[in-house]
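None of these values were measured; they are calculated from a predicted model. So you know, we letter chains A, B, ... as the sequences are listed, proteins then strands, and number each from 1.
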Amino acid sequence: MKKEIKELTSRDVDYSQWYNDLVIKADLAENSAVRGCMVIKPYGYAIWEKMQAELDRMFKETGHVNAYFPLFIPKSFLSKEAEHVEGFAKECAVVTHHRLKQDPDGLGLIVDPEAKLEEELIVRPTSETIIWNTYRNWIQSYRDLPILINQWANVVRWEMRTRLFLRTAEFLWQEGHTAHATEKEAIEEAEKMLHVYADFAENFMAVPVLRGLKSASERFAGAIETYCIEALMQDGKALQAGTSHFLGQNFAKAFDVTFVNKENQQEHVWATSWGVSTRLMGALIMTHSDDNGLVLPPNLAPYQVVIVPIYRNEEQFRAVSEKVNEIVTKLRALGISVKYDDNDQKKPGWKFAEYELKGVPVRLAIGARDLENGTVEVARRDTLTKEIVSMEGIEEYIQNLLKEIQANIFQKALDYRASMTREVDSYDEFKVEIEKGGFLLCHWDGTPETEEKIKEETKATIRCIPLNGDKTPGVCMVTGKPSAQRVVFARAY
RNA sequence: CGGGGUGUAGCGCAGUCCGGUUAGCGCACCUGCUUUGGGAGCAGGUGGUCGUGAGUUCGAAUCCCACCACCCCGACCA
């Protein structure tokens with residue numbers, strides 16, 4: 001049932017070109033006049049808004065509240081936590097002046113040299129520093145804890161090479177920043193949010209993820225422990241889809257944030273931070289979509305159902321529209337989002353192709369023939385199949401179909417991941433297998449040196465040390481030294 | 001920052017090697033008629049500082065020089 005979509009590169013020909021084409025053709029985003037920064041178009045933004053709405057609901061359900069901290073961070077703040085600076089210093093945008101003026105030698109504007117800032121400002125690459133500097137003033141006693149705050153924001157990381165959604169200089173995200181009285185509570189928070197992310201990815205986005213810990217070299221700059229969810233894309237490469245960090249007392253110490261405990265002793269506060277970004281859009285696209293275009297899970301589709309009328313004349317159009325309006329009302333009553341495309345400027349064939357490209361989960365076509373027979377044509381995007389269904393009870397039928405599609409695309413992704421995941425015990429075999437992509441479960445001696453050697457020789461990295469994987473010990477595939485459990489290797493985005 | 005490539009209509013390209021009418025094609029767009037169950041057909045039409053600047057020449061999209069922008073590959077990364 002494959003059909004050529006205009007100018008959409010096939011995945012087999014060039015996977016990354018397919019991705020680029022799809023983002024553009026499906027109207028999700030485009031490159032902007034600013035190098036490395038994207039414009040997120042309405043259709044793409046609608047998907048992001050659905051992600052936001054659900055995540056926001058989940059954060060609030062777990063006791064978090066939203067707040068907003070500044071875009072700019074004084075340079076001195078960033079340098080207070082040693083590892084943190086090192087991690088981010090190389091990719092910061094810096095504000096040095098606060099005024100422009102007319103160029104005295106010609107037309108146009110120049111930076112006014114008189115307007116140099118006393119202290120330069122960094123455009124936030126992440127907000128730990130400004131937030132912990134603020135928390136110092138908010139926390140005195142254990143009674144002030146915990147603080148469970150999230151913010152929805154944009155951040156800037158000056159990347160050399162960018163790709164729409166996957167890596168852009170500016171991106172949208174949420175960052176949670178929590179403060180706790182005990183180490184145990186902070187670790188529990190970091191783990192809790194990891195599970196929120198995993199739950200969201202799997203049950204809402206239909207993207208299966210591994211839950212795990214990062215190795216030391218992949219850890220967030222300034223964290224004691226980084227938890228992550230890792231997804232597998234259709235080209236066999238891994239994508240980090242979300243991270244949650246246990247920050248220990250590192251930022252509390254750097255910003256002198258202490259509290260008085262019940263025993264009247266001063267202690268440093270324990271911290272976490274956690275985030276997911278518009279990168280999730282990339283994960284969504286590369287997990288489900290095919291050579292005909294985007295495939296969206298019903299939970300994230302800007303509209304779940306599109307209805308295309310088929311008619312030869314004004315009279316037929318009116319008759320079809322009347323029936324369609326009845327269906328629309330019934331579907332909306334069930335909370336299903338529907339678009340009735342009654343645009344007369346485009347032909348049905350064009351609409352079919354267009355909505356396929358945009359990944360609308362269910363498409364209905366209704367014409368004179370259907371009115372006569374009391375039927376409707378139902379096409380599902382995930383399987384590209386069509387069937388004629390009775391108009392009677394169509395709304396329940398579609399409600400069930402949407403659930404089925406949501407479950408089906410998750411299962412499909414899960415099966416793919418299972419087929420691409422295997423245990424490898426020798427380094428020679430590893431070098432062969434890594435070329436085929438996928439997750440390789442291997443024993444590793446736990447040292448950064450071995451990890452680095454593998455990365456240099458094969459471009460594969462440890463994606464995570466799985467939380468609920470096989471805990472059987474073994475020996476490192478490279479050095480033969482003891483290994484506590486298998487870890488997950490892959491080439492990654 | 002290294003290596004490669006590309007700049008011609010909104011988009012995709014031809015023309016450049018070998019200088020010479022009015023710079024061309026497809027898509028899109030506009031008008032009209034016929035169409036409408038998988039990206040409609042025909043007819044007519046609109047739209048160009050040929051990336052920028054300076055040169056060679058009677059004459060430059062085409063040749064020379066400089067610059068700029070973007071893309072791909074590497075080093076960096078959620």
Heavy atoms only, 4.0 Å cut-off, all strands: where does [X] land among base, sugar-phosphate and nothing?
X        : result
A:Leu239 : nothing
A:Thr168 : base
A:Phe171 : base
A:Thr243 : nothing

Which residue lies more 5' along RNA chain B, comparing A:Ala169 with A:Glu354 via nearest heavy atoms: A:Glu354
By nearest-nucleotide position on RNA chain B, the 5'-leaning member of A:Asp344 and A:Glu218 is A:Asp344
Between [X] ([atom1]) and [N] ([atom2]), how many Å, whole number?
X        : N     : atom1 : atom2 : result
A:Asn373 : B:G37 : CG    : C1'   : 13 Å
A:Ile229 : B:A78 : CD1   : C1'   : 12 Å
A:Gln174 : B:A78 : CD    : P     : 16 Å
A:Asn343 : B:G39 : CG    : P     : 17 Å
A:Trp158 : B:A75 : CH2   : C1'   : 19 Å
A:His245 : B:A78 : NE2   : C1'   : 9 Å
A:Gln345 : B:C30 : CD    : C1'   : 12 Å
A:Gln17  : B:G12 : CD    : P     : 12 Å

Any residue of residues 361-370 of chain A with a heavy atom less than 4.0 Å from an atom of RNA chain B: A:Arg363, A:Ala365, A:Gly367, A:Ala368, A:Arg369, A:Asp370
Would a distance-only check, ignoring hydrogens and angles, find a side-chain to backbone donor-acceptor pair under 3.5 Å from A:Gln234 to A:Thr287? yes
For the [atom1] atoms, the ones on [N] and on [M], what distance do you get once it is rounded to whole angstrom?
N     : M     : atom1 : value
B:U34 : B:G19 : C1'   : 48 Å
B:G55 : B:C13 : C1'   : 30 Å
B:G44 : B:U8  : C1'   : 26 Å
B:G45 : B:C27 : P     : 16 Å
B:C11 : B:G51 : P     : 13 Å
B:U49 : B:A61 : C1'   : 12 Å
B:U22 : B:C50 : P     : 15 Å
B:C67 : B:G7  : C1'   : 14 Å

Could you work out which one of [options] sits closest to the side chain of [X]?
X        : options             : value
A:Lys346 : B:C70, B:G39, B:C29 : B:C29
A:Phe352 : B:C76, B:G38, B:A78 : B:G38
A:Met160 : B:G39, B:G38, B:C76 : B:C76
A:Ile310 : B:G39, B:G37, B:C76 : B:G37
A:Ala353 : B:C76, B:C71, B:G38 : B:G38

Within the structure provided, determine whether A:Arg279 and A:Phe171 are in side-chain contact (heavy-atom separation under 4.5 Å). no
Before you tell me yes or no, could you show the steps for A:Tyr340 and A:Tyr303 under ring pair (Phe, Tyr, Trp, His ring centres under 6.0 Å), namely the whole-Å CA-CA distance, both residues' side-chain angles and the distance that decides it to 0.1 Å? CA-CA 10 Å; A:Tyr340 175 37; A:Tyr303 23 86; over 10 Å; no
Scan A:Thr278, A:Val23, A:Leu239, A:Ile285 and name whichever one has a side-chain contact (heavy atoms from CB on, under 4.5 Å) with A:Leu166. A:Leu239
Matching residue for A:Trp274 among A:His245, A:His177, A:His64 - test: ring-ring contact (aromatic ring centres under 6.0 Å, His included): A:His64
Quick check on A:Lys339: does its NZ atom have over 12 non-hydrogen neighbours (other residues, nucleotides or ligands) under 6.0 Å away? yes
Ring of A:Phe439, cation from A:Arg417 - is the NZ or CZ under 6.0 Å from the centre and inside 45° of the axis? no
To the nearest 0.5 angstrom, please state how far the CD1 atom of A:Ile73 sits from the CD1 atom of A:Ile122. 8.0 Å
What is the ring orientation for A:Phe59 with A:Tyr197, classed by angle as parallel under 30°, tilted 30 to 60°, or perpendicular over 60°? perpendicular
Could you label the plane-to-plane angle of the A:His84 and A:Phe251 rings as parallel, tilted or perpendicular, counting under 30° as parallel and over 60° as perpendicular? perpendicular
For nucleotides 40-45 of chain B, which of its nitrogen or oxygen atoms have a protein nitrogen or oxygen under 3.5 Å away, and what is each distance?
unit_1: B:A40; atom_1: O4'; unit_2: A:Lys347; atom_2: NZ; d: 3.4

Answer yes if the side chains of A:Gln151 and A:Ser127 hold a donor-acceptor pair under 3.5 Å, and no otherwise. yes
